[in-house]
Every structure is written in structure tokens, then in C-alpha cells.
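Single-structure report; data block below.
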Amino acid sequence: SKGETAAHPSTALFIQKYEAATEYEAEMWKCVNEFDESLDGIREIVKSLSDAKISKDNADLETKIERMIDTCDQIKSTSMTFDEKVKGQSERALFLLSRKDDLERQVDEAKRLINEQRDRESGNTLGDQPLDAETEKLRRKLGACAVETQHSIAHVKTRLCLLIDVFE
């Protein structure tokens, strides 16, 4: 459950506790730590074997174990990097979602103002006349902003769905 703590493998000198974001993340770190403890045991066995005479077969085994340890260290490093990237993406998604409400409010207000202006102009002939260059430029700019806002909203919805799928 959310709020569980898990050992976050930060350095070999100490283990820093932190609060996992999800139950799955806590379980993942638990597995990583158990695996790390198993590797520590293997390292101790390898060290004790290195004090004794090692045959060629044992030397091959030691090389394989060292490669496994290196691979595990790479996996841990990659896992930590992935965790940092997920955290960064989550922060960006939260930022975009916080902007979504503001953008939707601005779009609603712009629509209300346009409808209000349209209602005022429906009775006079100004609505039939072409816009001056500056007003036309502003109209096009507002239209482009509206399209960009719709694309941003769709992009945020897509990212949100992706994040929800990732964390489920």
C-alpha cells in the first residue's frame, strides 16, 4: 500500500529509507534489496574461495559470478535511473494537469466573450464588413492559440492515461 517504506540502495556505506510511491515500487525495492543481499553472500563465498587454491573450473565459475555481479550492479543503476525518470515525468504531468484547469477556464471565458460580442453585433452591419489587418491578425493569433490549447489538452490527456497505465 502507499506509504510503505522500502530500503533504497543509495550507497554501500548506508541504506537510506524513503517512502515508496506505490505498493509495487515498495515490492520492487524489496526484491532488489533481497537480491543485493544474495549477491553480498556470493561475494563473501567468492572471497573465501580466493584464499584457497582455485582450480581452473572454479576460476571460470568466479569469472561468471563476477559478470553476474556486474550485470546486477548495472540493473540496479538502470532501475534507479528509471525511477528518477518516472519521478520527473510524474512532476511534468502534474504541472501540465495544473495548467489544464487554467487553460480550460481561459477557453471558456474566451468563448463566453466571443458569444457575447457576437450577440451584440448580430443586429448591426459591422459583422458583414471585413476585418482590418490588425484585427484579422489578432483573430488568427487567437485561433492558433485555441488550436494549440486543444492539442495541449489532448496531449495531457494522453500522457495522463499513459501514466495511469504505468502505475496500475
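Below, each value reflects all heavy atoms present in this structure, side chains not excepted, and no hydrogens, waters or symmetry copies. Values in this document were obtained by computation on a predicted structure and should not be read as measured data.
- I164 and F82 fall into different hydrophobic clusters, where Ile, Leu, Val, Met, Phe, Trp and Tyr are joined by side-chain heavy atoms under 4.5 Å apart, directly or via other members.
- Partners of E66 under the side-chain hydrogen bond (donor to acceptor under 3.5 Å, both in side chains) rule, at least two apart in sequence or in another chain, do not exist in this structure.
- Residues D40 and R43 share a closest heavy-atom pair of OD1-NH1, 2.9 Å.
- Separation of atoms OG (S90) and CZ (R159) is listed at 11.0 Å; rounding is to 0.5 Å.
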Between D102 and R105, is the salt bridge (charged side-chain N to carboxylate O under 4.0 Å, His left out) condition met? List the steps. CA-CA 5 Å; D102 188 43; R105 187 173 28 81; 2.4 Å; yes

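- Using a 4.5 Å cut-off on side-chain heavy atoms (C-beta onward), K100 and S152 make no contact.
- Interatomic distance, L142 CG to L113 CG, rounded to the nearest 0.5 Å: 10.5 Å.
- The environment of E148 atom CD is sparse: at most 12 non-hydrogen atoms of other residues, nucleotides or ligands sit within 6.0 angstrom.
- Shown here are the salt bridge (charged side-chain N to carboxylate O under 4.0 Å, His left out) partners of R139, two or more places apart in sequence or in another chain: E136.
- Between K111 and D108 there is no salt bridge, since no side-chain N of the basic residue sits under 4.0 Å from a carboxylate O of the acidic one.
- Across all their heavy atoms, K76 and V32 have their closest contact at CG-CG1, 4.0 Å.
- In this structure, CZ on R99 lies 9.5 Å from OG1 on T149, to the nearest 0.5 angstrom.
- The 12-atom threshold is not exceeded at OH of Y24, counting heavy atoms of other residues, nucleotides or ligands nearer than 6.0 Å.
- L61 is connected to I42 through a chain of hydrophobic side-chain contacts under 4.5 Å among Ile, Leu, Val, Met, Phe, Trp and Tyr, so both are in one cluster.
- Here the straight-line distance linking atom CG of D36 with atom CD of E34 works out to 11.0 Å at 0.5 Å rounding.
- We find the CG-CE distance between N33 and M28 to be 9.5 Å, quoted to the nearest 0.5 Å.
- The hydrophobic clustering, which links ILVMFWY residues whose side-chain heavy atoms are closer than 4.5 Å, places L39 and I65 together.
- F35 is not listed as a side-chain neighbour of I75, based on a closest heavy-atom distance of 4.5 Å or more.
- Salt bridge R112/E109: present, at least one basic N to carboxylate O contact under 4.0 Å.
- Between D83 and E25, the shortest heavy-atom distance links the atoms OD1-OE2, 3.3 Å.
- A donor-acceptor pair under 3.5 Å links the side-chain atoms of T78 to the main chain of Q74, judged by distance alone.
- Between I114 and R118 the shortest side-chain heavy-atom distance falls below 4.5 Å.
- Rounding to the nearest 0.5 Å places CD of E23 at 7.5 Å from CD of E27.
- Counting only heavy atoms from C-beta outward, the side chains of R140 and K137 never approach each other to under 4.5 Å.
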